[in-house]
Structure formats: C-alpha cells, structure tokens
Amino acid sequence: VQLQAFGGGLVQAGDSLRLSCAASTRTFGRLSMAWFRQPPGKEREFVAGIGWGGTGTAYGDSVKDRVTISRDNAKNTVHLQMNTLKPDDTAVYYCAAHQGALYRYARYYTSWGQGTLVTVSS
C-alpha cells in the first residue's frame, strides 16, 4: 500500500489545519488507518486512528479534544482535522495503514506515508 500525506504547512497558534492521506490500494476499506507525529528531537507518537469499518476511532491524549479523524472509502483517503493548534503540535505528521484492528502502536502498521510537516508559530 502506498500512502501519500499532504496538507501540512506553517500556521499560527489557534489556527486549524486539515491533513489528508491518499492510499493507492484496492483494499482500502479493509485497512485501519492512523496518524502519527514526530516532533523535532522526540519520538513518534500516536495522534489518531480509525478502524477499517470506519466505526471505531481513537485519539492521543494530547490532541483528543482538538482533532477529528475521518475516512472516505470511495476516495481512498483519510483526513485529520486539527483545530486550535498549538506550537507543541509542530511535528512531521505521518499516515499509516495496516489490515486489521485499530492499534495505537506504530509497530503494528505496515505501510507508511512520507510525512508532511506542520509548523505552528506562537
């Protein structure tokens, strides 16, 4: 599965941003999708995930009140709507996929996009 993330950029604190990830696969509907992020000098962390059926979602503790993940199986895309961005949200954001249940741990995901940089200025 090839994944391409886009939508990152430079924004100001308090702004909103929508990231998208396009998947090249015929089995998108069977994939659990997730977003992870890696802030400068820090480890990769789970941001949000959505199950293959689209009925289950999960969010990281640091963002759960500010982000929404959604998917469009007809377009093979997953979106991450981020609101009230903070400078601490500055990171490279990666989308990831795997066939199976929704997990919060990166080790379960077999396909990764190239990442899109989000920079939030104060």
Side-chain angles (χ1 to χ4, degrees):
V1 178
Q2 292 187 328
L3 303 174
Q4 184 169 3
F6 52 95
L10 174 63
V11 298
Q12 293 185 335
D15 285 353
S16 297
L17 198 63
R18 188 192 197 205
L19 305 183
S20 297
C21 177
S24 298
T25 176
R26 295 183 178 181
T27 60
F28 182 76
R30 301 177 189 174
L31 300 176
S32 287
M33 303 295 296
W35 288 93
F36 290 80
R37 69 183 183 184
Q38 188 163 14
K42 297 184 179 180
E43 295 185 352
R44 192 170 298 190
E45 64 176 350
F46 176 78
V47 177
I50 187 165
W52 61 271
T55 57
T57 58
Y59 295 95
D61 290 340
S62 61
V63 300
K64 61 182 179 181
D65 296 327
R66 300 184 292 116
V67 306
T68 302
I69 189 170
S70 61
R71 65 189 297 159
D72 185 341
N73 287 348
K75 296 183 178 180
N76 283 14
T77 57
V78 62
H79 305 288
L80 184 70
Q81 177 67 42
M82 302 189 294
N83 301 319
T84 320
L85 284 162
K86 306 174 181 179
D88 285 348
D89 294 319
T90 295
V92 177
Y93 284 72
Y94 298 90
C95 62
H98 87 105
Q99 188 165 332
L102 175 60
Y103 293 110
R104 296 173 174 263
Y105 305 102
R107 65 179 182 270
Y108 289 102
Y109 291 83
T110 55
S111 299
W112 290 82
Q114 82 288 2
T116 185
L117 176 63
V118 174
T119 304
V120 184
S121 64
S122 58

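Computed from a predicted structure; not experimentally measured. The figures that follow rest on heavy atoms only: side chains count, while hydrogens, waters and symmetry mates do not.
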The side chain to side chain contact (heavy atoms under 4.5 Å, CB included) partners of Ala106 (sequence neighbours excluded) come to Phe36, Trp112
Q) Transitively linked via ILVMFWY side-chain contacts under 4.5 Å: Val92 with Val120? A) no
Exercise. For Gln114, does the CD atom have more than 12 heavy-atom neighbours from other residues, nucleotides or ligands under 6.0 Å away?
Worked result: yes
Value for CD (Gln4) from CG (Asn76), rounded to nearest 0.5 Å, stands at 13.0 Å
Original post:
So is Arg71 actually on top of Phe28's ring, under 6.0 Å and inside 45° of the axis?
Top reply: yes
Distance col, row Leu3:CG vs Ser111:OG, nearest 0.5 angstrom, shows 5.5 Å
Note: Ala97 and Leu31 closest approach over all heavy atoms is CB-CD1, 4.1 Å
**Prompt:** Linking I/L/V/M/F/W/Y whenever any side-chain heavy atoms sit under 4.5 Å apart, do Tyr94 and Trp35 land together?
**Reply:** no
Heavy-atom closest pair (Ser16 atom, Thr84 atom, distance to 0.1 Å) is OG-N, 4.2 Å
Within the side chain of Ser121, is there an N or O that forms a donor-acceptor pair under 3.5 Å with the backbone of Pro87? no
All heavy atoms of Met82 vs all of Val118, minimum pair found to be CE-CG2, 4.2 Å
Checklist entry - Does any N or O in the side chain of Thr90 come within less than 3.5 Å of the main-chain N or O of Thr119, such that one atom is a donor and the other an acceptor? => result no
**Prompt:** Linking I/L/V/M/F/W/Y whenever any side-chain heavy atoms sit under 4.5 Å apart, do Ile69 and Tyr93 land together?
**Reply:** yes
One should read off an interatomic distance between Leu17 CG and Asn83 CG, to the nearest 0.5 angstrom, of 9.5 Å
**Message:** Using only atom types and a distance under 3.5 Å, with no angle test, would you say the side chain of Ser32 pairs donor to acceptor with the backbone of Gly100?
**Reply:** yes
Review point. If we only count heavy atoms from C-beta on, is the Val1 to Gln99 side-chain gap below 4.5 Å?
Key: no
Contacts of Glu45 meeting side chain to side chain contact (heavy atoms under 4.5 Å, CB included) (sequence neighbours excluded), chain-then-number -> Arg37, Pro39, Ser62
Review point. Given the rule that I, L, V, M, F, W and Y join up when any side-chain heavy atoms are under 4.5 Å apart, are Leu102 and Val78 in one cluster?
Key: no
Separation between NE2 (His98) and OG1 (Thr110), nearest 0.5 Å, reads 7.5 Å
Between Leu80 and Val67 the two heavy atoms that sit nearest each other are CD1-CB, 4.2 Å
OH of Tyr109 to CE of Met33, rounded to nearest 0.5 Å, is 9.0 Å
**OP:** Consider only side-chain heavy atoms of I, L, V, M, F, W and Y, link residues closer than 4.5 Å, and tell whether Leu19 and Phe46 are in one cluster.
**Re:** no
Applying side chain to side chain contact (heavy atoms under 4.5 Å, CB included) to Thr27 and not counting sequence neighbours gives Thr25, Arg30
Fill in: Distance-only donor-acceptor check, side chains His79 and Ser20, under 3.5 Å
yes
